[in-house]
Amino acid sequence: MIKTTNGYIAFGATFNKNIILPFISNYSPILVFFDSNLAVTKTVVLSNSVLGTHLTEANHLNGSYHLIQLSNGNLATYGNGELNVMDSDGNQLKTHYFNVDNKIQSMISLGDTFVISTGDGYLRKFDPTGTEIKKLQYKGTFIPEILEINNRLFFVAVTELPILYLPLVNWPS
């Protein structure tokens, strides 16, 4: 959940839980909009999601779920390997699916752009409409967090072996 100028927005999902295979069905990411008193004002189902066919068991729900608001007001969500970019009302602008088997991946807002890490070993930078503008390959299988310190991005990329400490100096513009 994040605070906005009008209240709050939460990122979650709706799905059916079954006692037989598939244990999870009809998965759809959602945005829930709240006023400043935390009363629900609107719910938006992200209907372009492909996750309904990829999430079939409770373990698929493990991981990080990110929601950011960019300086232009657009929203971006990232969870279960799927990135969604919406306008401030929740209307989808773009969606990208990377892979539900991604381990914990990270996301950071950089004003009107943002960066995510994907399980295929890339940091990917996007513009406010969700168009990828740069990518940088890293050695590792997942990045649990990205920090911005003095206009530099720092992250730890975890591998099957030791942890790699890889600072990224001055993200290329």
Side-chain angles (χ1 to χ4, degrees), residues 1-15 26-52 54-55 60-100 102-119 122-136 142-156 167-173:
M1 178 180 274
I2 61 171
K3 183 164 179 38
T4 66
T5 56
N6 301 356
Y8 300 88
I9 303 173
F11 171 46
T14 181
F15 57 88
N26 299 319
Y27 181 96
S28 292
I30 61 170
L31 292 176
V32 181
F33 292 77
F34 301 86
D35 65 17
S36 58
N37 295 320
L38 295 176
V40 174
T41 59
K42 178 169 63 169
T43 301
V44 176
V45 176
L46 303 177
S47 58
N48 290 339
S49 175
V50 299
L51 293 177
H54 294 286
L55 297 175
H60 290 158
L61 302 176
N62 293 335
S64 296
Y65 296 84
H66 303 279
L67 168 62
I68 59 172
Q69 186 166 38
L70 304 173
S71 60
N72 73 343
N74 284 357
L75 303 166
T77 63
Y78 187 42
N80 295 314
E82 185 174 73
L83 171 68
N84 288 288
V85 179
M86 292 82 44
D87 65 17
S88 59
D89 290 324
N91 300 307
Q92 279 190 300
L93 302 174
K94 205 162 274 184
T95 184
H96 301 276
Y97 175 69
F98 296 101
N99 187 340
V100 75
N102 284 352
K103 296 194 167 122
I104 298 170
Q105 298 302 326
S106 56
M107 177 183 222
I108 188 168
S109 173
L110 302 173
D112 66 346
T113 64
F114 62 95
V115 174
I116 65 170
S117 62
T118 55
Y122 284 93
L123 288 180
R124 298 172 187 272
K125 186 176 185 180
F126 293 85
D127 73 10
T129 66
T131 300
E132 186 176 307
I133 52 178
K134 297 244 184 232
K135 71 180 178 179
L136 174 70
F142 67 94
I143 296 176
E145 189 67 51
I146 302 171
L147 298 174
E148 180 186 12
I149 303 170
N150 297 326
N151 294 320
R152 294 181 180 177
L153 297 182
F154 292 88
F155 59 92
V156 175
L168 174 63
V169 179
N170 296 327
W171 181 272
S173 52

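Worth saying up front: this structure is predicted, and the values here are computed from it rather than measured.
Closest heavy-atom contact between Gly79 and Leu51: O-CD1, 4.0 Å.
Within the 4.5 Å cutoff, side-chain heavy atoms of Leu70 are placed close to those of Ser109. Annotation: side chain of Val85 is in contact with side chain of Phe114 (closest heavy-atom distance under 4.5 Å). Asn84 places none of its side-chain heavy atoms less than 4.5 Å from the side chain of Leu31. With contacts defined as side-chain heavy-atom distances shorter than 4.5 Å, the pair Met86/Asn91 does not qualify.
Considering OG1 of Thr131 and NZ of Lys94, their distance stands at 3.0 Å, rounded to 0.5 Å. Interatomic distance, NZ of Lys125 versus CG of Leu110, reported as 6.5 Å (0.5 Å rounding). Taking OG1 from Thr129 and CG from Asp87, the interatomic distance works out to 12.0 Å, rounded to the nearest 0.5 Å. With rounding to the nearest 0.5 angstrom, the CZ atom of Phe155 is 12.5 Å from the CD atom of Glu145. Note that CG of Leu83 and CD1 of Ile116 are 5.0 Å apart. Values are rounded to the nearest 0.5 Å.
By the side chain to side chain donor-acceptor pair (under 3.5 Å) test, Ser88 is found to be paired with no residue, residues two or more places apart in sequence or in another chain being considered. The salt bridge (charged side-chain N to carboxylate O under 4.0 Å, His left out) check on Glu132 picks up Arg124, with sequence neighbours excluded. Under the side chain to side chain donor-acceptor pair (under 3.5 Å) criterion, Asn74 pairs with no residue, sequence neighbours left out. Looking at residues two or more places apart in sequence or on another chain, you find a side chain to side chain contact (heavy atoms under 4.5 Å, CB included) between Leu61 and Phe15, Ile24, Tyr27, Leu55, Tyr65.
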Would you give me the side-chain donor-acceptor pairs under 3.5 Å for residues 1-9, sequence neighbours excluded?
{"unit_1": "Thr4", "atom_1": "OG1", "unit_2": "Asn6", "atom_2": "N", "d": "3.4"}
{"unit_1": "Thr4", "atom_1": "OG1", "unit_2": "Gly7", "atom_2": "N", "d": "3.2"}
{"unit_1": "Thr4", "atom_1": "OG1", "unit_2": "Gly7", "atom_2": "O", "d": "3.3"}

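Sorted by first and then second residue, the side chain to side chain donor-acceptor pair (under 3.5 Å) pairs involving residues 37-48 (not counting sequence neighbours) are Asn48-Gln92.
Using the six-membered ring where Trp is involved, His66 and Tyr78 have ring planes that are parallel, under 30° apart on the 30 and 60° scheme.
Applying side-chain contact (heavy atoms from CB on, under 4.5 Å) to Ser117 and the options Ile143, Ile108, Leu136 leaves one that passes, Ile143.
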